[in-house]
Protein chains: 2
Amino acid sequence: MTTSRPRTRIQAKNHALILEAALDVFSSHGFRGATLDQIAERAGLSKPNLLYYFASKEAMHQALLARLLETWLDPLRAMNAGGDPVAEILAYVQRKLQLARDFPRESRLFANEMLQGAPRMMDAITGDLKALVDQKAKVLQAWMDQGRIARLNPVHLIFSIWALTQHYADFDVQVRGVLGEGHDPWAEAGEYLQTLFTRLLRPLP
Amino acid sequence: MTTSRPRTRIQAKNHALILEAALDVFSSHGFRGATLDQIAERAGLSKPNLLYYFASKEAMHQALLARLLETWLDPLRAMNAGGDPVAEILAYVQRKLQLARDFPRESRLFANEMLQGAPRMMDAITGDLKALVDQKAKVLQAWMDQGRIARLNPVHLIFSIWALTQHYADFDVQVRGVLGEGHDPWAEAGEYLQTLFTRLLRPLP
DNA sequence: CCCGTCCTTGACCAAACGGTCAATCCTTGA
DNA sequence: TCAAGGATTGACCGTTTGGTCAAGGACGGG
């Protein structure tokens, strides 16, 4: 069934089971590289059963992307124009980092989509995402004009937050490989990014 | 032929033609998502002809990764312990940014490999790459100990350079989509990163 | 307890996949 | 100019791919 949301308990369970498995596979192989057989095996269901709950491979991917976008935009939405500028931005950085740590597969799914040129997310990017960024960029710009944070390109400031936090999820293998044993990448990242943005944002005298 | 390097002019030409096409396809669909037919079409050669020059799809991918690693490590190698610390680091940032701008497909190929857990690059990461980073981290640490740049986690400083520069290549669609018309992402990125690292590195009084 | 609906799957399909091979075409050096 | 080796490809192979379908199993309200 392509129809909206699950109606029975079994539907709810298997719907979730499939999306969970699909996230695993899509996030590490991309859309084209993922196969229904892989997803079916990981979900513990037969392939035809998968297609009983989702109309197609495409539909599974779309369902994941739709769910993802909400989660992804929320922390930026939470950045409050009324709060203390530096504290608000630092809080956003840490929330985004936690998101990357707790949902690395979602982060990689998103990254895969971007690498492929966002064929299934273009609308969301130039629509909701751009609108939200434009709005928050204005908030940042106002803070800068008031001299409460350093003057920077506000949109690129947001880009740098995205880049620095997602990096730890998307390039996890590289981060761990280069750090070697006996490191907690996420804890170190939290500290490092705190320092970085504190220094970056402090207004010049 | 899998054998080392091309011997005839035709081999040299087609070898390059194939790798060029393969880079296109691998970088935007990942290894599993890429097909020989796609590569063949983009190279303007028949599929059997591809396999006359490369033993397998795997071999093409490996050839690309091998070539990539050299290009990728070079700018970091060029960071000179004898130079001015801030200037050296800023120069590295700009070199890396240029690399991302001029070779976005290579950047995406690398990103794809990382997202998949680096199944074909693990050795290089924990080997050459880690060794180089460890070495350069020591240089950075020495500069910090001398009070010539601000005190930061040196390895994460390197991570942040990678993250911020690669982001503009790997998430190009997002960057352009969010910025909208009338922007030069690379020029803006160059300026923004110059400012960011200048502020970040300036030693505290 | 029974029947309609929901759920599940083995068997199957056409297309696409990576790769092979024999036959042929082309280039080149003597 | 001509033979030998390099280059090219149509036809093909076995497997995997996304997706279908009919048939049967499980479940729940009456």
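We use all heavy atoms of the structure for the numbers below, so side chains are in, but hydrogens, waters and symmetry mates are not. Below, read A as the first sequence line, B as the second, and so on, with proteins coming before strands; counting in each chain starts at 1.
- For the helix from dC1(C)-dG30(D) to dA30(C)-dT1(D), the angle separating the two terminal helix axes comes to 10°, with each axis derived from five pairs and the value rounded to 10°.
- Not one side-chain nitrogen or oxygen of Tyr52(A) sits closer than 4.0 Å to the OP1 or OP2 atom of dT20(D).
- Look at CD1 on Ile39(A): it is 12 Å from C1' on dT17(D), rounded to the nearest Å.
- For Pro104(A), the side-chain contact (heavy atoms from CB on, under 4.5 Å) test picks out Arg108(A), Ala169(A), with sequence neighbours left out.
- More than 12 heavy-atom neighbours from other residues, nucleotides or ligands sit within 6.0 angstrom of CD on Gln194(B).
- Contacts of Phe171(A) classified as ring pair (Phe, Tyr, Trp, His ring centres under 6.0 Å), with partners at least two apart in sequence or in another chain: His167(A).
- The 12-atom threshold is not exceeded at CD of Glu191(B), counting heavy atoms of other residues, nucleotides or ligands nearer than 6.0 Å.
- Across the protein-nucleic acid pair, Leu50(B) atom CG and dT9(D) atom P stand 11 Å apart, rounded to whole Å.
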Taking distance alone, no hydrogens or angles, what donor-acceptor pairs closer than 3.5 Å link side-chain atoms of residues 56-66 of chain B to residues at least two apart or in another chain?
from	atom 1	to	atom 2	distance (Å)
Ser56(B)	OG	Glu58(B)	N	3.4
Ser56(B)	OG	Ala59(B)	N	3.1
Lys57(B)	NZ	Phe31(B)	O	3.0
Lys57(B)	NZ	Ala34(B)	O	2.7
Glu58(B)	OE1	Arg120(B)	NH1	2.9
Glu58(B)	OE2	Arg120(B)	NH1	2.6

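- Rounded to a whole Å, the CD1 atom of Ile18(B) is 12 Å from the C1' atom of dT8(D).
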Provide a list of protein-nucleic acid N or O atom pairs under 3.5 angstrom, restricted to nucleotides 18-20 of chain C.
from	atom 1	to	atom 2	distance (Å)
dG18(C)	OP1	Ala34(B)	O	3.1
dG18(C)	OP1	Lys57(B)	NZ	3.1
dG18(C)	OP2	Leu36(B)	N	2.8
dG18(C)	N7	Lys47(B)	NZ	3.0
dG19(C)	OP2	Lys57(B)	N	2.9

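- Screening residues 67-76 of chain B for side chain to side chain donor-acceptor pair (under 3.5 Å), with sequence neighbours left out, gives Trp72(B)-Gln166(B), Asp74(B)-Arg77(B).
- In this structure, Asn49(B) reaches the dT9(D) phosphate: one of its side-chain N or O atoms is under 4.0 Å from OP1 or OP2.
- When the P atom of dG6(D) is taken as reference, atom NE2 of His15(B) falls 16 Å away, rounded to whole Å.
- Looking at residues two or more places apart in sequence or on another chain, you find no ring pair (Phe, Tyr, Trp, His ring centres under 6.0 Å) involving Trp186(A).
- Each of dT9(C), dA7(D), dC7(C) was ranked by its minimum atom distance to the side chain of Ser46(A); first place goes to dT9(C).
- One atom, CG of Leu45(B), and another, P of dT9(D), lie 7 Å apart when rounded to the nearest Å.
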Name each donor-acceptor pair under 3.5 Å that joins a side chain in residues 81-93 of chain A to protein atoms two or more places apart or in another chain, with its distance.
from	atom 1	to	atom 2	distance (Å)
Asp84(A)	OD2	Ala87(A)	N	3.1
Glu88(A)	OE1	Asn80(A)	N	2.8
Tyr92(A)	OH	Trp162(A)	NE1	2.8

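- Lys130(B) pairs by the side-chain contact (heavy atoms from CB on, under 4.5 Å) definition with Asp134(B), not counting sequence neighbours.
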Taking protein heavy atoms under 4.0 Å as touching, what does nucleotides 25-30 of chain C look like 5' to 3' if B marks base contact, S marks sugar-phosphate-only contact and - marks none? ------
Give every donor-acceptor pair under 3.5 Å between a side-chain atom in residues 149-157 of chain B and any protein atom, sequence neighbours left out.
from	atom 1	to	atom 2	distance (Å)
Arg151(B)	NH1	Asp145(B)	OD1	3.0
Arg151(B)	NH2	Asp145(B)	OD1	3.4
Asn153(B)	OD1	Val155(B)	N	3.2
Asn153(B)	OD1	His156(B)	N	3.3
His156(B)	ND1	Tyr168(A)	OH	2.7
His156(B)	NE2	Glu188(A)	OE1	2.7

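- The salt bridge (charged side-chain N to carboxylate O under 4.0 Å, His left out) pairs that include a residue from residues 31-40 of chain A are Asp37(A)-Lys47(A), where partners are two or more places apart or lie in different chains.
- A straight line from CD of Gln11(B) to C1' of dG6(D) spans 8 Å, rounded to a whole angstrom.
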